[in-house]
Amino acid sequence: MPFSGRLGGRSFPVHGEPMSQVVTRFPPSPTGFLHIGGARTALFNYLLARTNGGRFVLRIEDTDAARSTPEMTQAILDGMAWLGLAHDDGPYFQSERQDLYNANVDALLANGHAYWCQCTPEDVQAMRDKATAEGRKPKYDGRCRNLGLGPGPGRCVRLKTPQDGSTSFLDLVKGPVSFPNEELDDLVIRRADGGATYHMAVVSDDHAMGVTHVLRGDDHLNNTPRQMHILAALGFPLPVYGHVPMILGQDKKKLSKRHGAMSVMEYEKMGFLPEGVVNYLARLGWAHGDQEIFTLDELVAAFSTSNLNSSAACFDLEKMLWVNAHHLRAKSPQELAPLLARFVRELGLPEPDRTKLEAVIPLYQPRAQTLVEMAEASAFFFTPDADLPMDPAARDKFLTAEAKALLAEVRDLLAGTADFSEPGIEAALHGFVEAKAVKFKVIAQPIRVALTGKTASPGLYETMAVLGKDSTLARLDRALA
RNA sequence: GUCCCCAUCGUCUAGCCUGGUCCAGGACAUCGGCCUUUCACGCCGGUAACAGGGGUUCAAAUCCCCUUGGGGACGCCA
């Protein structure tokens with residue numbers, strides 16, 4: 001029973017007949033970036049296909065020529081690629097498939113399920129306004145439904161929607177859902193300009209592409225009965241529907257640009273790893289017991305629509321940071337090096353040396369949640385000795401006259417240390433504090449401030465070893481000057 | 001306004017279908033403590049939730065109803 005849904009924890013079978021192959025799709029409209037919500041929908045569809053050895057189709061819904069742009073299409077493609085959600089089929093462009101949609105509209109006209117309508121958008125708006133004023137639901141009143149009109153300038157085509165009864169389906173995540181048909185009006189399926197509308201295009205494509213599972217945002221729940229009516233009028237089979245709840249901002253309101261409805265690529269700029277974003281998104285609205293950390297492969301192995309949550313979730317940057325930190329630690333320094341290099345460069349520092357990068361990274365894997373943090377915290381490693389910025393407060397507090405006296409001795413000791421490895425440095429420094437009968441604490445912070453310009457850094461031995469003898473000495477000298 | 005969906009710690013969630021093992025478990029955040037050369041990591045511990053009201057039942061976070069609250073949809077946008 002690979003497909004089941006849930007309703008308040010109740011599981012139920014969805015569509016008895018076994019599916020030969022699962023086909024899912026992600027159909028973004030290139031009128032905006034790929035944002036968090038879209039990315040999660042894409043991820044769930046990707047997962048649903050992969051988990052079942054199915055096919056994942058990418059379709060660009062660019063039928064709104066006025067608002068769609070090639071730049072946005074590219075941005076969406078980039079976002080998908082960055083997240084690692086590879087599609088098996090497509091991208092298809094709806095703007096290139098109008099013939100298919102229109103053939104279906106013509107079929108509907110021919111079989112009596114659609115009709116020509118001569119009402120102008122203004123007429124319809126007036127009907128809606130009137131209905132609203134009278135406290136009724138704003139709808140097109142169907143006045144052209146039985147006029148037997150033919151094509152003509154300014155005329156659109158509408159679907160003859162059932163006027164009574166109800167339309168029900170078993171939603172993968174919501175369970176049984178039912179709409180009274182009287183709530184629906186005769187929707188436009190072909191605009192006056194001859195172009196098919198959204199519902200017509202979606203339904204035509206889903207059928208043509210063999211889509212078996214339509215997993216989409218909650219906001220499409222109301223669209224489902226409309227699309228089912230078109231499908232029924234066309235005599236096409238119904239896909240399985242699943243509506244995942246929306247992602248809300250921290251304030252429980254629909255995500256806006258302010259709190260996260262920005263492009264997923266913004267998260268790349270913020271130093272997130274795609275693995276971190278994917279992992280966090282998966283856990284927003286879906287759970288697998290108590291497991292928090294997943295790789296994409298683990299998600300594919302564990303994913304099931306029966307674990308999808310039916311209530312909306314708030315986006316929480318703090319938790320995403322924590323998840324990202326895990327993935328940052330899980331990666332090898334070799335993998336991270338080219339990524340970190342970019343952020344170091346963006347700090348205005350010289351091109352970092354690859355070997356040094358790989359030595360620095362392990363020091364910061366437990367200390368950073370993002371690549372930006374990692375770059376900023378480790379910047380002193382990549383800063384030329386002479387340019388090292390010095391925190392004045394740290395200098396005043398730790399580079400006191402007495403500290404400098406000790407520091408000068410440490411400098412000479414280190415200069416004479418042949419083995420500049422971590423253990424070598426540790427041995428030298430330990431010998432020093434024993435001989436001077438001081439606590440290591442006493443020299444630690446002054447050394448740290450001298451080497452890093454700050455009061456916080458990785459361990460001193462590791463820091464010195466990675467910095468190298470020359471830099472270590474140069475920075476000590478600079479602090480003593 | 002009408003219709004649809006939703007409701008467990010501040011947040012993400014487990015548990016709900018198959019009522020008792022739940023005076024509700026995990027995670028993020030937060031607050032203590034330990035570790036410690038700083039900062040982190042890590043470890044230990046604490047605070048913190050079944051929206052409210054009615055039912056059903058020996059027993060309800062779990063089933064039913066209502067209320068309240070939240071979200072979504074009502075385009076010749078997608």
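Below, chain A is the first sequence line, B the second, and so on; all start at residue 1.
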Given the structure, check if the side chain of [X] and the base of [N] hold any donor-acceptor pair shorter than 3.5 Å.
| X | N | result |
| --- | --- | --- |
| A:Arg136 | B:U2 | no |
| A:Asp218 | B:G72 | no |
| A:Arg67 | B:C77 | yes |
| A:Glu134 | B:G1 | no |

Which nucleotide, if any, forms a Watson-Crick or G-U wobble pair with [N], using both distances under 3.5 Å?
| N | value |
| --- | --- |
| B:C50 | none |
| B:A59 | none |
| B:G1 | B:C74 |
| B:U38 | none |

Worksheet item: So, is the end of the A:Arg97 side chain (NZ or CZ) under 6.0 Å from the ring centre of A:Tyr92 and within 45° of the ring's axis?
Response: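 Verdict for A:Tyr92: a cation-pi partner in A:Arg97.
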
NA contact type, [X], heavy-atom cut-off 4.0 Å: base, sugar-phosphate, or nothing?
| X | answer |
| --- | --- |
| A:Leu221 | sugar-phosphate |
| A:Thr120 | base |
| A:Pro27 | nothing |
| A:His220 | base |
| A:Thr455 | base |
| A:Ala313 | sugar-phosphate |

Worksheet item: Looking at A:Pro239 and A:Val214, what are the two nearest heavy atoms and their distance?
Response: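 In terms of heavy atoms, the two residues are closest at CG-CG2, 3.8 Å.
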
Should [X] be listed as having a side-chain N or O under 4.0 Å from OP1 or OP2 of [N]?
| X | N | result |
| --- | --- | --- |
| A:Arg191 | B:A78 | yes |
| A:Arg329 | B:A40 | no |
| A:Asn309 | B:C6 | no |
| A:Ser311 | B:C5 | no |

Fill in: Nearest-Å distance once atom P is located in both B:G32 and B:C41
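Rounded to whole Å, the distance is 15 Å.
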
Discussion item. Work out how far the P atom of B:C76 is from that of B:G15, and round it to whole angstrom.
Written reply: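 It comes out at 42 Å once rounded to the nearest Å.
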
Practice prompt. Decide if atom CZ of A:Phe33 counts as having more than 12 heavy atoms of other residues, nucleotides or ligands within a radius under 6.0 Å.
Written response: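 Not buried by this count: 12 neighbours or fewer within 6.0 Å.
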
Fill in: Heavy atoms from other residues, nucleotides or ligands near CG of A:Asp164 exceed 12 (cutoff 6.0 Å)
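Atom CG in A:Asp164 is not crowded, with 12 or fewer foreign heavy atoms closer than 6.0 Å.
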
Worksheet item: Out of curiosity, A:Leu281 CG to A:Tyr267 OH, how far, rounded to the nearest 0.5 Å?
Response: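 Between atom CG of A:Leu281 and atom OH of A:Tyr267 there are 9.0 Å.
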
Worksheet item: Of A:Pro121 and A:Tyr280, whose nearest nucleotide on RNA chain B comes first from the 5' end?
Response: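 The answer here is A:Tyr280.
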
